[in-house]
Amino acid sequence: MEVPFINFEPMHNEIRDEIIEAFKKVYDRNWFILGESVEKFEKNFLKFCNTDYCISCGNGLDALCLILRGYDIGVGDEVIVPSNTYIATALAVSNVGAKVVLVEPDIKTFNIDVNKIEEAITKRTKAIIAVHLYGRPVEVDKVRVLCEKYNLKFIEDAAQAHGAIYKGEKIGSLGDAAGFSFYPGKNLGALGDGGAILTSDIVLAQKVRALRNYGSNIKYHNEYKGVNSRLDEIQAEFLIVKLRYLYKWNNERQKIARLYIERINNSKLILPDLNLVKESVWHVFPLRTECRNELKQYLKDKGIGTLIHYPIPIHLQKAYKDLGYKLGDFPIAEEISTTVLSLPMWYGMSEDEVNYVIDVLNQW
Ligand SMILES: *Cc1c(COP(=O)(O)O)cnc(C)c1O
């Protein structure tokens with residue numbers, strides 16, 4: 001049996017007619033940038049996340065950059081990010097000219113270790129970007145307390161956590177602002193690139209809305225040196241369709257995750273602790289093992305696709321050699337990068353496919 005790491009086919013077959021209608025709507029309207037579809041999606045998405053403002057943009061990296069620029073964070077400032085996140089979180093900080101300050105994750109949840117944040121805070125620290133990695137909400141309450149104590153902005157990187165819930169509240173409504181990505185592989189994905197900023201801060205919302213469109217709210221009147229980072233009308237219309245299914249698709253991911261956790265039974269594998277990640281929307285299903293590369297090859301030979309999220313931590317990336325770090329500086333991020341492996345996780349996986357993955361892992 002072949003079980004790919006990801007397969008969009010079942011999801012896209014189910015919504016095929018609606019997506020084609022969405023395409024026709026925009027095509028026949030002949031209005032492609034910043035129009036009624038973008039407005040409607042922004043309204044739907046802010047309602048979904050239960051916050052006040054939604055400003056869509058070109059991608060998730062831009063969403064984070066725009067938030068930082070909106071808060072005037074730049075050269076001379078420091079921003080805290082987890083040492084094991086996807087590179088985009090750090091790039092957002094670098095792209096606005098601020099310094100990336102890495103804080104280790106908790107090896108059980110893979111999310112930033114809230115007990116290690118305080119020692120990384122300096123006079124220059126302006127914000128914490130808390131990443132809900134793999135779809136798992138971070139310990140929001142503890143991040144909030146620190147942000148209040150030190151007067152920092154609490155920015156959520158929610159690129160992997162559309163629809164996740166923390167103590168009854170939606171991810172994206174928990175900090176000062178949140179950045180989302182609609183890259184096709186995310187839990188809510190466009191058919192191309194896309195992103196959004198959510199916030200309840202009206203000042204930030206107005207500034208970011210201008211920044212994404214050349215720094216202009218009124219055509220040809222430019223208040224800021226902005227960028228061009230907009231969600232296309234066509235992608236917005238696709239996202240309006242897909243948002244309606246997000247609960248269903250996330251539920252299915254949660255069902256698959258529960259089956260994996262309940263039935264994978266192999267002492268060589270460290271599985272997620274369901275009690276710690278109950279509200280995860282399982283953007284990926286990670287497990288850990290000392291013999292990760294062997295396991296990856298074994299699964300490949302059995303027709304099962306896997307990926308590593310992520311094989312090289314930020315401090316060991318060539319792009320960040322200016323930070324001056326070496327192997328051993330962030331041991332937990334390094335440990336995760338050498339032991340973590342993500343199993344197939346997509347809407348429409350059949351019971352047979354899930355059981356096959358489980359059986360093959362149990363026979364290893
Ligand atoms: C995908 C992702 C981003 C960036 O989103 P893009 O739309 O690809 O630019 C940022 N942060 C995290 C954690 C992500 O997974």
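Residue numbers start at 1 and run along the sequence shown. Below, each value reflects all heavy atoms present in this structure, side chains not excepted, and no hydrogens, waters or symmetry copies. As the structure lists them, so they are numbered: ligands from 1, and atoms in each ligand from 1.
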- Query: F182 and F238: aromatic ring centres closer than 6.0 Å?
  - Reply: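 No, too far apart.
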
Tabulate distances under 3.5 Å between N/O atoms of ligand 1 and N/O atoms of the protein, writing both atom names on each line.
| from | atom 1 | to | atom 2 | distance (Å) |
| --- | --- | --- | --- | --- |
| ligand 1 | 5 (O) | S181 | OG | 3.3 |
| ligand 1 | 7 (O) | G60 | N | 2.7 |
| ligand 1 | 7 (O) | S181 | OG | 2.6 |
| ligand 1 | 9 (O) | G60 | N | 3.3 |
| ligand 1 | 9 (O) | L61 | N | 2.9 |
| ligand 1 | 11 (N) | D157 | OD1 | 3.3 |
| ligand 1 | 11 (N) | D157 | OD2 | 2.8 |
| ligand 1 | 15 (O) | Q160 | NE2 | 2.8 |
| ligand 1 | 15 (O) | K186 | NZ | 2.7 |

- Distance-only polar pair, side chains of R230 and N213, donor-acceptor under 3.5 Å: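 The answer is yes; a qualifying pair exists.
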
- Message: Is a donor from one side chain sitting under 3.5 angstrom from an acceptor on the other, for K296 and T306?
- Response: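 Yes, a side-chain donor-acceptor pair sits under 3.5 Å.
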
- May I ask you to test the I308-L341 pair for a side-chain heavy-atom distance under 4.5 Å?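 The answer is yes, as the side chains (C-beta and beyond) meet within the 4.5 Å cut-off.
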
- Test applied, side-chain contact (heavy atoms from CB on, under 4.5 Å); reference residue, F45; option that passes from L239, L243, I240, T51: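 Among the candidates, only L243 passes.
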
- Message: Do K248 and Y347 form a cation-pi contact, if we require the NZ or CZ to be under 6.0 Å from the six-membered ring centre and within 45 degrees of the ring's axis?
- Response: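 No, a cation-pi geometry is absent between K248 and Y347.
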
